[in-house]
Amino acid sequence: MSEKKSLISLFEESEYHTIKYRNYFPIYEKLFSKFVNKKITFVEIGVFSGGSLFMWRKYFGKDARIIGIDLNSDAKRFEKDGFEIFIGDQSSPIFWKNFFEKVGKIDLILDDGGHTNKQQVTTVVSCVPNINDGGMVIIEDTHTSYMKEFSNPQKYSFINFSKKLIDDLNCNPYLDDIKYKYSLNKYIYSIQYYEGFALFKINKNLCTVNQLIDNNAERFGHKDYRYGKETKLVHLKKIHIIRKLITKIIFIKNVIHNKLETSEIKKYFK
């Protein structure tokens with residue numbers, strides 16, 4: 001049995017022209033290895049000259065359903081090679097609605113399309129609810145969120161949208177005063193970033209409300225020194241009224257402490 005070729009080898013040997021960034025390949029092999037030789041549906045946005053369609057088919061194996069999406073109707077020529085080709089605008093929710101009504105749920109979608117903010121954001125919003133549990137949405141070439149050609153950087157770039165999804169994922173359900181009108185928390189359980197692309201892992205079963213649990217094992221009465229050692233006032237907690245007052249004072253002290261620390265890390269957010 002011959003050794004399976006690497007993804008970059010399949011890229012280089014593909015029958016038709018295609019372009020991708022070199023550093024993507026080893027990461028994709030790690031991310032996609034569990035889908036190889038499985039009966040999956042893989043969708044790539046951006047057919048171009050068709051080279052990557054042939055690469056993915058050889059990589060995933062004969063049981064994979066490979067679908068290409070493009071704005072250019074010339075891409076239909078690859079249907080004769082056994083690929084399903086859909087012509088449409090990835091920035092259109094109507095296109096996606098019609099697409100999923102015909103195709104059904106999918107396992108993987110790789111966006112190598114137009115790379116505008118609207119295209120990338122609409123793709124995530126429209127596709128995430130239509131991914132099978134265990135599947136992924138990958139948005140390539142996220143560096144366009146920093147390019148003037150794409151009217152970036154700006155508040156409503158794709159990267160900033162993805163950062164909002166991070167906030168949504170982490171604050172819910174712990175902070176009742178922060179609620180987002182639009183959330184994908186029912187589907188996305190993990191968000192990962194690599195140089196040049198963002199990955200959203202989908203599994204509704206892993207999106208349940210997280211619960212703090214206690215093993216009720218032996219305790220040693222260790223103090224919480226998160227904000228330094230306790231003051232002597234803590235020993236007065238035996239008195240109920242004073243205990244409430246001290247608790248409030250410690251809370252305020254901790255808030256002030258965290259605000260002061262924030263000023264020290266702002267440089268990392270510029």
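Quick note: residue numbers are just sequence positions, from 1.
No donor-acceptor pair under 3.5 Å is formed between the side chain of Lys105 and the backbone N or O of Phe100. Checking side-chain atoms of Glu12 against main-chain N and O of Ser9 turns up no donor-acceptor pair under 3.5 Å.
To the nearest 0.5 Å, atom NZ of residue Lys248 and atom NZ of residue Lys253 are 15.0 Å apart. For the atom pair OG (Ser49) and CG (Asn72), the distance works out to 9.5 Å, reported to the nearest 0.5 Å. Here the straight-line distance linking atom CD1 of Ile69 with atom CZ of Phe86 works out to 7.5 Å at 0.5 Å rounding. Note that the CG atom of Asp81 and the CD1 atom of Ile66 stand 13.0 Å from one another [nearest 0.5 Å]. Here Ile106 contributes atom CD1 and Ile109 contributes atom CD1; the two are 4.5 Å apart, rounded to the nearest 0.5 Å. If you take CD1 on Ile138 and CG on Leu110, they are separated by 5.5 Å, rounding to the nearest 0.5 Å.
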### Message
Using side-chain contact (heavy atoms from CB on, under 4.5 Å), reason through Lys5 and Tyr59 one step at a time and then give a plain yes or no.
### Response
CA-CA 8 Å; Lys5 291 185 177 180; Tyr59 177 73; over 6 Å; no
### Message
For Thr18 and Leu53: C-alpha separation, side-chain torsions, deciding distance, then whether side-chain contact (heavy atoms from CB on, under 4.5 Å) applies.
### Response
CA-CA 9 Å; Thr18 182; Leu53 292 178; over 6 Å; no
#### Entry: Intermediate values then yes/no, side-chain contact (heavy atoms from CB on, under 4.5 Å), Glu84 and Glu79
CA-CA 6 Å; Glu84 295 177 58; Glu79 288 183 332; 5.9 Å; no
### Task
Carefully, step by step, assess Gln120 and Thr144 under the rule side-chain contact (heavy atoms from CB on, under 4.5 Å).
CA-CA 10 Å; Gln120 291 177 332; Thr144 57; 3.9 Å; yes
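Every residue meeting the ring-ring contact (aromatic ring centres under 6.0 Å, His included) condition with Phe83, not counting sequence neighbours, appears here in chain and number order: Phe54. With sequence neighbours excluded, the residues forming a side-chain contact (heavy atoms from CB on, under 4.5 Å) with Asn98 are Ile94, Glu101, listed by chain and number. Every residue two or more places apart in sequence or in another chain that forms a side-chain contact (heavy atoms from CB on, under 4.5 Å) with Asn215 is listed here: Ala217.
In terms of heavy atoms, Val137 sits closest to Ile131 at CG2-CG1, 3.7 Å. Nearest heavy atom pair, residue Asn185 against residue Ser183, reads N-OG, 3.1 Å. Closest approach of Phe158 and Ser145 over heavy atoms only: N-OG, 3.4 Å. For Ser91 against Gln119, the heavy-atom pair with the smallest separation is CB-CG, 3.8 Å. Across Gln154 and Asn160, no two heavy atoms sit closer than the pair O-ND2, 2.8 Å. The shortest non-hydrogen separation linking Asn117 to Ser157 is OD1-CA, 3.4 Å.
Both Ile188 and Tyr182 are members of a single hydrophobic cluster when ILVMFWY side chains are connected at heavy-atom separations under 4.5 Å. Leu165 and Tyr193 fall within the same hydrophobic cluster, where Ile, Leu, Val, Met, Phe, Trp and Tyr residues are linked whenever their side-chain heavy atoms come under 4.5 Å apart, directly or through other members. The cluster map of Ile, Leu, Val, Met, Phe, Trp and Tyr, joined by side-chain heavy atoms under 4.5 Å apart, puts Leu108 and Leu10 in the same cluster. One hydrophobic cluster holds both Val124 and Phe95 under the rule that ILVMFWY side chains link at heavy-atom gaps under 4.5 Å. No continuous path of ILVMFWY side-chain contacts below 4.5 Å connects Tyr156 to Leu184, so the two sit in separate hydrophobic clusters.
For the ring-ring contact (aromatic ring centres under 6.0 Å, His included) condition, the pairs that include at least one residue of residues 113-146, sequence neighbours left out, are Tyr21-His143.
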Going by atom type alone, with no hydrogens or angles, which donor-acceptor pairs under 3.5 Å involve a side-chain atom of residues 200-209 and a protein atom two or more places apart or on another chain?
{"from": "Asn203", "atom 1": "OD1", "to": "Asn205", "atom 2": "N", "distance (Å)": "3.0"}
{"from": "Lys204", "atom 1": "NZ", "to": "Asp133", "atom 2": "OD1", "distance (Å)": "3.3"}

List the atom pairs, with distances to 0.1 Å, where a side-chain N or O of residues 31-42 and a protein N or O form a donor-acceptor pair under 3.5 Å, not counting sequence neighbours.
{"from": "Ser33", "atom 1": "OG", "to": "Lys30", "atom 2": "O", "distance (Å)": "3.4"}
{"from": "Lys34", "atom 1": "NZ", "to": "Gly134", "atom 2": "O", "distance (Å)": "3.4"}
{"from": "Lys38", "atom 1": "NZ", "to": "Lys34", "atom 2": "O", "distance (Å)": "3.1"}

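Contact check on Lys58 versus Glu13 returns no salt bridge, with no Lys/Arg side-chain nitrogen under 4.0 Å from an Asp/Glu carboxylate oxygen. Between Glu44 and Lys20 there is a salt bridge, since a side-chain N of the basic residue sits under 4.0 Å from a carboxylate O of the acidic one.
Checked against Ile45 for a side chain to side chain contact (heavy atoms under 4.5 Å, CB included), the options Asp112, Asp70, Thr123 give a single hit: Thr123.
Within 6.0 Å of NZ on Lys164 lie more than 12 heavy atoms contributed by other residues, nucleotides or ligands. In this structure, Phe251 places its CZ atom where only 12 or fewer heavy-atom neighbours from other residues, nucleotides or ligands lie under 6.0 Å away. When the shell of 6.0 Å around NZ of Lys97 is examined, it contains 12 or fewer heavy atoms from other residues, nucleotides or ligands. More than 12 heavy atoms of other residues, nucleotides or ligands shown are found within 6.0 angstrom of NZ on Lys80.
Taking the six-membered ring for Trp and the full ring otherwise, Tyr24 and Tyr194 have centroids separated by 6.0 Å or more. Separation of the Phe25 and Tyr28 ring centroids does not fall under the 6.0 Å cut-off.
The shortest side-chain heavy-atom distance between Tyr16 and Phe78 falls under the 4.5 Å cut-off. In this structure, the side chains of Asn152 and Met147 stay at 4.5 Å or more apart for every pair of heavy atoms.
A donor-acceptor pair shorter than 3.5 Å can be found between the side chains of Asp111 and Gln90.
Ring geometry for Trp96 against Phe99 counts as perpendicular: the plane angle is over 60°, on a 0 to 90° scale with 30° as the lower cut.
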